Amino acid sequence: MARLLSSNAVLKAIATLPAALSSRNVIGSFYPSGLKYSTSVPGDPDTHEDFKPTNKIQSSDVSLKDVVEQDVKENPVMIYMKGIPDFPQCGFSSLAVRVLKHYNVPLSARNILEDPELKSAVKAFSHWPTFPQIFIKGEFIGGSDIILNMHQNGELKEKLKDIVGSPKLE
């Protein structure tokens, strides 16, 4: 008969493996398709410049302010959140995504946890200190509490009514 291991026992066993005790910095994120890792070895002479991780936004001529402006302009519903819509990493982001998904609108998102400079750029753009931050048709709406309030009083339904892909609005 197979015996299930508790998650604590599995994590303790993994932590004792030689690879877990190495000098590498390993960051793991759980996504619906499984764990994805990013590793880096500070000052590793064997890592060629071509293989080092880069931030595509920072390595281009486009500023983060321009990226935020473009996101807000080009996406009917844009959310800057902690995590991604399929795996929010905070309760407020989760609530905002659940409310917006109720309306079956196309939802574009950026994970602000991946880039602290993007987080600062979004705050500067909206003049709002907290996340998530939701923009609808180019207009800054607010966070999860405001979206929930708008949902409860019918304002959100009205604001989203002409966005393509929203047959659930009845």
Side-chain angles (χ1 to χ4, degrees), residues 24-44 47-153 155-166:
R24 290 180 184 239
N25 296 324
V26 179
I27 301 167
S29 299
F30 181 78
Y31 292 91
S33 60
L35 287 173
K36 297 192 181 194
Y37 291 98
S38 171
T39 62
S40 64
V41 180
D44 184 1
T47 302
H48 189 273
E49 285 294 321
D50 291 345
F51 299 105
K52 288 186 179 175
T54 60
N55 184 329
K56 292 179 184 173
I57 294 172
Q58 289 175 346
S59 60
S60 72
D61 291 333
V62 179
S63 74
L64 287 172
K65 179 181 181 259
D66 294 337
V67 169
V68 174
E69 285 177 0
Q70 186 175 355
D71 283 347
V72 169
K73 180 180 176 185
E74 293 180 358
N75 298 292
V77 180
M78 183 70 202
I79 180 170
Y80 293 93
M81 61 182 287
K82 294 178 181 177
I84 57 174
D86 289 337
F87 190 66
Q89 294 185 3
C90 98
F92 299 110
S93 293
S94 178
L95 174 62
V97 168
R98 281 195 323 252
V99 169
L100 291 167
K101 281 186 174 183
H102 174 77
Y103 292 93
N104 199 34
V105 292
L107 184 60
S108 300
R110 283 202 191 260
N111 180 358
I112 55 123
L113 297 176
E114 291 180 349
D115 187 352
E117 291 175 8
L118 174 65
K119 182 179 179 179
S120 296
V122 174
K123 285 181 178 183
F125 182 81
S126 65
H127 306 290
W128 193 261
T130 60
F131 288 89
Q133 292 191 13
I134 299 131
F135 295 82
I136 298 175
K137 297 184 229 171
E139 177 188 353
F140 175 62
I141 302 300
S144 59
D145 54 341
I146 294 170
I147 282 289
L148 180 60
N149 190 336
M150 289 176 71
H151 167 68
Q152 291 170 337
N153 67 25
E155 289 177 60
L156 189 57
K157 179 179 179 180
E158 187 64 27
K159 188 152 269 311
L160 296 172
K161 72 179 179 186
D162 59 343
I163 295 178
V164 178
S166 48

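Predicted model, so just to flag it, every value in this text is computed and none were measured.
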Drop me the distance from Ile84's CD1 to Glu114's CD, to the nearest 0.5 angstrom.
8.5 Å

Flag yes if more than 12 heavy atoms outside Phe92 fall under 6.0 Å of its CZ atom; otherwise flag no.
no

Relative to the ring of Phe125, is the ring of Phe135 parallel (under 30°), tilted (30 to 60°) or perpendicular (over 60°)?
tilted

Report the distance from atom CD1 of Ile134 to atom CD of Glu139, rounding to the nearest 0.5 Å.
12.0 Å

Rounded to the nearest 0.5 Å, how far does CE of Met81 lie from CZ of Phe87?
10.5 Å

Donor-acceptor contact present, side-chain Ser126 to main-chain Val122, <3.5 Å
yes

Aromatic contact, His151 with Tyr103 (centres under 6.0 Å):
yes

Using a 4.5 Å cut-off on heavy atoms from C-beta on, say whether the side chain of Asn111 contacts that of Leu118.
no

Determine the minimum heavy-atom distance between Leu95 and Ser144, stating which atoms define it.
CD2-CB, 4.1 Å

Is there a side-chain contact between Gln70 and Val68 (heavy atoms, below 4.5 Å)?
no

Can you name the nearest heavy-atom pair linking Trp128 to Gln133, along with the distance?
O-NE2, 2.9 Å

Strictly below 4.0 Å, N to O, side chains only: are Lys65 and Glu69 in salt-bridge contact?
yes

Spatial distance of atom CD1 (Ile136) from atom CG (Leu160) [nearest 0.5 Å]:
4.5 Å

Please examine the side chains of Val97 and Asp86, heavy atoms only from C-beta on, and report whether any two atoms are closer than 4.5 Å.
no

Sub-4.5 Å side-chain heavy-atom contact between Asp162 and Lys137:
yes

CD1-CD1 distance between Ile141 and Ile79, expressed to the nearest 0.5 angstrom
12.0 Å

side-chain hydrogen bond (donor to acceptor under 3.5 Å, both in side chains) between Asn149 and Asn153, worked out:
CA-CA 6 Å; Asn149 190 336; Asn153 67 25; 3.3 Å; yes

Atom NZ in Lys82, atom NZ in Lys119: separation rounded to 0.5 Å?
5.0 Å

Do we see a donor-acceptor contact under 3.5 Å between the side chains of Asp71 and Tyr80?
yes

At their closest point, which heavy atom of Gly83 faces which heavy atom of Leu113, and how far apart are they?
N-CD1, 4.0 Å

Does the pair Arg110/Asp115 count as a salt bridge with the N-to-O cut at 4.0 Å?
no

